[in-house]
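What follows is one structure encoded as structure tokens, with my remarks underneath.
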Number of protein chains: 2
Amino acid sequence: MKPTIYDVAEKAGVSIATVSYVMNNQKVGKKSREKVLKAMEELNYKPSLLASALTGKRTTTIGFLLPDLANPFVAEMARRVEDRAHERGFNVVICSTDSDKEKEALYTSLLRQKRVDGFIFAGDLKNVDVVKELVGEQTPVVLLAVSHPAVSVNSVTVDDFTGGYQVASHLISLGHKRIAVIAEEAISSRERIRGYKHALQDQGIEIDEDLIVTSDSSFEDGERLADELLNTSHPPTAIFACNDILAIGSFLAARKKNRSIPGDLSVAGFDNTLLSKSSDPPLTIVEQPIQDMCSQAVDLLIEEIEGKSTRKQRIVLLPDLIIRQSTGPCRF
Amino acid sequence: MKPTIYDVAEKAGVSIATVSYVMNNQKVGKKSREKVLKAMEELNYKPSLLASALTGKRTTTIGFLLPDLANPFVAEMARRVEDRAHERGFNVVICSTDSDKEKEALYTSLLRQKRVDGFIFAGDLKNVDVVKELVGEQTPVVLLAVSHPAVSVNSVTVDDFTGGYQVASHLISLGHKRIAVIAEEAISSRERIRGYKHALQDQGIEIDEDLIVTSDSSFEDGERLADELLNTSHPPTAIFACNDILAIGSFLAARKKNRSIPGDLSVAGFDNTLLSKSSDPPLTIVEQPIQDMCSQAVDLLIEEIEGKSTRKQRIVLLPDLIIRQSTGPCRF
DNA sequence: CTGAAAGCGCTAACAC
DNA sequence: GTGTTAGCGCTTTCAG
């Protein structure tokens, strides 16, 4: 069997309390401390974090619920969250919810039974009640890259409205008037669309609701929707895709139709993942400061876990429009 | 405070043992069972998995160590592993090691203290001793998309040798003789290179070691190495990239030099991630059956955790060469 | 069938 | 300073 605190105590000729004290850096006589350290060393003793957590200490584990780890943008967030969490001594258990209410509830419940110290919900949130319940029971929660007016929790987001506004303005400045939007079924997209509409209005361009479509955020669906848009009698000259995957989907549709980008069609995306850097031409996008967002989210959560946090806050970072080669002057 | 088993017992007018029995589906009188169930319901009781694990039950958590979650191929594996694990009632804690010996050791140690039920190591393994130690202490382990002759553990891999052989043969059949390889610093790449060499030899083509280079597996490095290869006096007419990222890096290099693909340069990759489907032209690649590999890995691990497994096994799946448009006849 | 009681490994008063 | 001891919440003999 693995050595326990009793084994160490016995070997060191002290009581288990003393062993516990040295582990937790409490006042202990120099002699005793050394004996204990030596015994731990010799036995290759590793304290059980389970037992320790049972007595009221933290589990130093946080639950991270996200829509889909296979999505590159989400995966990158996960990596950043993980990094920051590790830096601060926490582990992360990741659960992909597929933006499904039941899964959100199920995984949250399970992780609570495992006594995770807190939760981060990223990218989307279908089941607000889950978060409300968590908050009601004083469980630390932070929302990342998504926020919700109905709950009072810490959140870190990018200003989606501004992002949408920036993209639309950029496209308008290039002379585009018929600008389509391929959105995802998520809260963030709604804000981006709002920004987009606002920009059009500011420039006195009429909004055509037929140009705004919603997808399930896959290459295939992006391609299909872009194709449909291009097949209409009065097709758009530019597409604003609400994430990189949908943008690339649009690329595929354009390619099949032999439309050149940005010659025949301008395409802009959102996120700035690997996909946007590797595409041909490179994608004009709104960049989300992933690293920054994730670090802040983790820090916020840990402050709350450690009870140091004062008041709830909503951190909104400003996105950057990065103009690359997928957008160009309107030729029509 | 959260309700405990005592609260339920009291409310139901039975002993905690009885409550425990109904939770574990043991024989309990119908009357008692109903009372207990009712009390649990009313209190919204959720048993602490911590306490339960402390008494010897599983934590139903597995540790998943991988090189880098931000890599699309790795992220997809993570998603598949997570899915399968959830299906089987397990949670997954993910740790990116950056293929670093220290991190591998550190995270493993930490997770053991948290009493995870088993480990999956994916994609790479720098610190074999870590695995050896785990095995020595009867901790269930499986290697995924990587294997190591020095340890006797369950593993699920794709036949890298065959994959390399397939790519090289395909390229040779198109008339290519100078075929470069951009490898990663990982065990799997070595096998792929072996397969590549074997194919060349079988066709009587001389091996030029200068055409085989190693990268750190980023776009930038792939681009840089491809660029260097193309700048030599006797450049390759085809590149075999050991993963999709490096293949796309090669695309970028070719694009900068205005070399068309596959006209001036054929490029083939490995993995079959989103990147290979979205590139222009779509990438010829060796497909790893990710889903299958991951399910089997999780199943193997859980069998071992549940003590049902018989003997250690090494599962080797055969890869498929998928010919798309990035490879074509040699014109030189 | 069900209850009493002894742990699981560690923490934290409370005494000495 | 250091030891004793009572839990943390649950499982599991062992009686009855």
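Chain A is the first sequence line, chain B the second, and so forth, proteins listed ahead of strands; every chain is numbered from 1. Since the structure is predicted, the reported quantities are computational estimates derived from the model, not experimental observations.
- Both B/V28 and A/S48 sit near DNA chain C, but only B/V28 has its closest nucleotide nearer the 5' end.
- When the nucleotides D/dG3, D/dG9, C/dA12 are ranked by their closest atom to the side chain of B/Y6, D/dG9 comes out on top.
- We find that CD of B/E10 is positioned 14 Å from P of D/dC10, with the value rounded to whole Å.
- The distance between atom CG of B/D7 and atom C1' of D/dC10, rounded to the nearest whole Å, is 13 Å.
- The distance from atom CG of B/L54 to atom P of D/dG7 is 17 Å, rounded to the nearest whole Å.
- Considering only side-chain atoms of B/A17, the nucleotide from C/dT2, D/dT12, C/dA13 that sits closest is D/dT12.
- Per the geometry, CG belonging to A/L50 stands 10 Å off C1' belonging to C/dC8, to the nearest Å.
- Across the protein-nucleic acid pair, B/K2 atom NZ and D/dG9 atom P stand 11 Å apart, rounded to whole Å.
- When the nucleotides D/dC10, C/dA4, D/dG3 are ranked by their closest atom to the side chain of A/V14, D/dG3 comes out on top.
- Looking at the side chain of B/Y21, the nearest of the listed nucleotides C/dT11, C/dA4, D/dG9 is C/dA4.
- Closest approach to the A/K57 side chain among D/dT11, C/dC1, C/dA12 is made by C/dA12 (side chain taken as heavy atoms from C-beta onward).
- Distances were taken from every side-chain heavy atom of A/S15 (C-beta onward) to each of D/dT11, C/dC10, D/dT4; the shortest belongs to D/dT4.
- If you check every strand for non-hydrogen atoms under 4.0 Å, B/G56 touches nothing.
- Contact annotation for B/S20: base contact, defined as any heavy-atom pair under 4.0 Å involving a base atom.
- Residue A/N25 contributes atom CG, which lies 12 Å from atom P of C/dT11 at whole-angstrom precision.
- We find the CD-CG distance between B/E104 and B/L66 to be 10.5 Å, quoted to the nearest 0.5 Å.
- Taking atom CG on A/N24 and atom C1' on C/dA13, their separation rounds to 14 Å, with Å as the unit.
- Taking the side chain of B/I16 as heavy atoms from C-beta on, and the options D/dG3, D/dT11, C/dC10, the nearest nucleotide is D/dT11.
- When distances are taken from the side chain of B/Q26 to each of C/dG7, D/dT12, C/dG9, the shortest belongs to D/dT12.
- B/F121 places a side-chain heavy atom less than 4.5 Å from the side chain of B/L134.
- Counting to the nearest Å, the C1' atom of D/dT2 and the CD1 atom of A/I5 are 13 Å from each other.
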